[in-house]
Chemist: 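Below is the structure I would like to discuss, written out as structure tokens.
Sequence lines set the chain letters: A, B, ... in the order given, protein chains first and strands last, and positions in each chain run from 1.
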Protein chains: 2
Amino acid sequence: MPELRPTFPQGDARNAIVEAALAVFAAEGFHGAGTRQIAQAAGVSQPLLNHHFGGKEALWRVVGEQITADFMAFMTDAVDLALPPGDGVTAMLRAYLAFWKARPLSFRFNLWRRLDGLQDERVSRSEQMTRPVVAFMQRAQDAGFIRNDLPPGLAAIMGGALVQFLLDSQLEIRAALAVTGDEGLADEDAIGHIVRLLRAPS
Amino acid sequence: MPELRPTFPQGDARNAIVEAALAVFAAEGFHGAGTRQIAQAAGVSQPLLNHHFGGKEALWRVVGEQITADFMAFMTDAVDLALPPGDGVTAMLRAYLAFWKARPLSFRFNLWRRLDGLQDERVSRSEQMTRPVVAFMQRAQDAGFIRNDLPPGLAAIMGGALVQFLLDSQLEIRAALAVTGDEGLADEDAIGHIVRLLRAPS
DNA sequence: CCTATCGCTGATCGATTGATCAGTCAACGC
DNA sequence: GCGTTGACTGATCAATCGATCAGCGATAGG
């Protein structure tokens with residue numbers, strides 16, 4: 001009877017390592033982060049990483065999978081398919097924005113994963129994260145909520161692009177495109193404008 | 001009389017190194033790329049990198065500065081301030097898209113630079129690259145070309161975001177958001193839709 | 001023909017990497 | 001009390017990193 005995880009002692013050191021690994025990986029990327037650095041941030045010794053996770057690669061994978069799982073659970077709860085298309089899109093975009101704004105480290109880790117990720121996960125994981133947004137926009141367009149002078153799929157991409165860009169400008173690099181003014185745009189306002197732009201004329 | 005560059009022999013080996021460095025850096029990032037790997041790709045020995053550029057960091061900087069210079073020159077030529085705002089925005093977005101589509105390695109290197117770049121260039125360089133687009137959109141909005149129900153600056157961000165996302169989906173990760181169909185959207189069509197979306201009602 | 005110069009390379013440096021090993025210590029069953 | 005188990009650490013491993021050094025070979029000036 002094979003057991004997927006070796007022993008899993010349920011110690012809090014494990015969680016501390018994952019937490020520290022998220023912080024260091026988010027700041028430095030996979031190749032830039034060192035196992036000693038992660039261990040120090042977690043307050044443990046370096047061999048403990050290998051003892052619990054089996055290696056640096058495996059630790060990276062655990063961090064990434066936890067982010068993916070959290071995101072999927074959050075979006076599943078937030079998305080209400082019973083809402084009318086208009087409110088549904090707005091709620092979904094809001095949830096997407098709120099999730100990542102509350103987890104800047106996870107957001108940056110995900111940016112790394114698009115470039116620096118291990119070979120076999122570069123596409124699948126990153127793709128999986130944005131797919132709910134795009135799929136939901138697609139659904140709204142199919143329901144006739146999106147203006148009909150846009151080719152199928154473009155509105156979905158636009159919605160994802162705009163929200164993603166809001167995140168980029170607010171989380172990743174401070175003032176990367178600080179042309180919107182000093183304090184930037186409130187999320188609610190920005191999402192409202194995005195939805196109105198893509199909405200079919202009433 | 002100080003000379004900025006040590007000797008600068010104007011050999012073609014130098015260009016070969018820069019070219020190989022762009023390819024390897026684009027694929028692996030700064031920390032992921034090795035000087036021996038770059039040297040092998042350029043067909044030279046590894047100490048030659050240090051001889052010509054003084055180190056890995058300096059080589060990274062040279063590659064980045066060349067991309068920035070090429071981009072600035074290209075956009076300066078492509079942007080015609082005499083055009084009416086509508087044609088001007090379209091032409092500018094087209095030029096931006098064409099530049100990066102013709103240089104996928106430079107595009108990916110620039111993605112790296114946002115995360116993996118050396119500390120002092122992380123903001124400035126990346127900011128410098130998108131600023132022309134945003135600034136030009138801003139100008140078009142000031143001229144009354146952009147619909148007036150958008151807060152100042154948001155249209156500029158939207159234009160930049162949408163074009164950037166077109167690039168992402170086409171260059172960086174194949175089929176990252178392949179929801180637009182099999183062959184994707186033609187650039188001219190996509191840009192036309194974006195401009196029409198943001199344009200003031202006639 | 002000699003030599004100084006310059007582009008360039010093989011060999012090697014110390015430092016740091018991720019991973020491993022032997023061994024300590026506390027907790028627990030008997 | 002005793003032995004076993006397992007989380008955990010200091011010390012150390014081979015491998016690789018970027019950088020350096022001495023020297024090769026071709027070329028140009030005298």
Chemist: Rounded to whole Å, how long is the line connecting atom CZ of F53(B) with atom P of dA19(D)?
Modeler: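 To the nearest whole Å, that distance equals 13 Å.
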Chemist: Would you please confirm or rule out a distance under 4.0 Å between OP1 or OP2 of dC8(D) and any side-chain N or O of H52(A)?
Modeler: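 So the side chain of H52(A) is within the cut-off, an N or O lying under 4.0 Å from OP1 or OP2 of dC8(D).
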Chemist: Rounded to whole Å, please give me the gap between NE2 in H31(A) and P in dA15(D).
Modeler: 19 Å
Chemist: Quickly work out the I38(B) CD1 to dC17(D) P distance and round it to whole Å.
Modeler: 11 Å
Chemist: If you look only at pairs with a residue in residues 39-50 of chain B, which of them pass as a side chain to side chain donor-acceptor pair (under 3.5 Å), with sequence neighbours excluded?
Modeler: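 Sorted result for residues 39-50 of chain B: T35(B)-Q46(B).
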Chemist: Reading nucleotides 21-26 of chain D 5' to 3', which nucleotides get B (base under 4.0 Å from a protein heavy atom), which S (sugar-phosphate only), which -?
Modeler: B-----
Chemist: Report the distance from atom CG of N15(A) to atom C1' of dA7(D), rounded to the nearest whole Å.
Modeler: 15 Å
Chemist: Atom NZ of K56(A) to atom P of dT16(D): distance rounded to whole Å?
Modeler: 15 Å
Chemist: Taking K56(A) for the side chain and A33(A) for the main chain, is one N or O donor matched with an acceptor at less than 3.5 Å?
Modeler: yes
Chemist: Which nucleotide in the set dA11(C), dA11(D), dG10(C) lies at the smallest distance from any side-chain heavy atom of S45(B)?
Modeler: dG10(C)
Chemist: Measure CZ/R36(A) against P/dT9(D) and give the value in whole Å, please.
Modeler: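 Interatomic distance, CZ of R36(A) to P of dT9(D): 14 Å.
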Chemist: Measure from the side chain of L48(A), starting at C-beta and using heavy atoms only, and say which of dA19(D), dC8(C), dT9(D) lies closest.
Modeler: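 Of the candidates, dT9(D) comes closest.
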Chemist: Roughly how many Å is it from CD in Q46(A) to P in dT9(D), rounded to a whole number?
Modeler: 11 Å
Chemist: In whole angstroms, how far is the P atom of dT16(D) from the CD atom of Q37(B)?
Modeler: 13 Å
Chemist: Given dG18(C), dT20(C), dT12(C), which nucleotide is nearest the side-chain atoms of N50(A)?
Modeler: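 Of the options given, the side chain of N50(A) lies nearest dT20(C).
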Chemist: Would you compute the distance between atom CG of L49(B) and atom CD1 of I38(B) and round it to the nearest 0.5 angstrom?
Modeler: 6.5 Å
Chemist: Is A33(A) touching bases, backbone alone, or none of the nucleic acid, heavy atoms closer than 4.0 Å?
Modeler: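 Counting heavy atoms under 4.0 Å across all strands, the contact made by A33(A) is with sugar-phosphate only.
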Chemist: Say whether, by atom type as modelled, one donor and one acceptor occur between the side chain of W100(A) and the main chain of F107(A) under 3.5 angstrom.
Modeler: no
Chemist: Heavy-atom count around E19(B) CD within 6.0 Å, excluding the residue itself: above 12?
Modeler: no
Chemist: Applying ring-ring contact (aromatic ring centres under 6.0 Å, His included), run through W60(B) and F25(B) and close with a yes or a no.
Modeler: CA-CA 8 Å; W60(B) 169 276; F25(B) 278 144; 4.8 Å; yes
Chemist: Taking only the side-chain nitrogens and oxygens of T35(A), find out if one of them lies under 4.0 Å from OP1 or OP2 of dG18(C).
Modeler: yes
Chemist: To the nearest 0.5 Å, how far apart are CZ in F30(B) and CZ in R61(B)?
Modeler: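 Nearest 0.5 Å value for the CZ-CZ distance: 8.5 Å.
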Chemist: Reckon H51(A) has a side-chain N or O less than 4.0 Å from the OP1 or OP2 of dA7(D)?
Modeler: yes
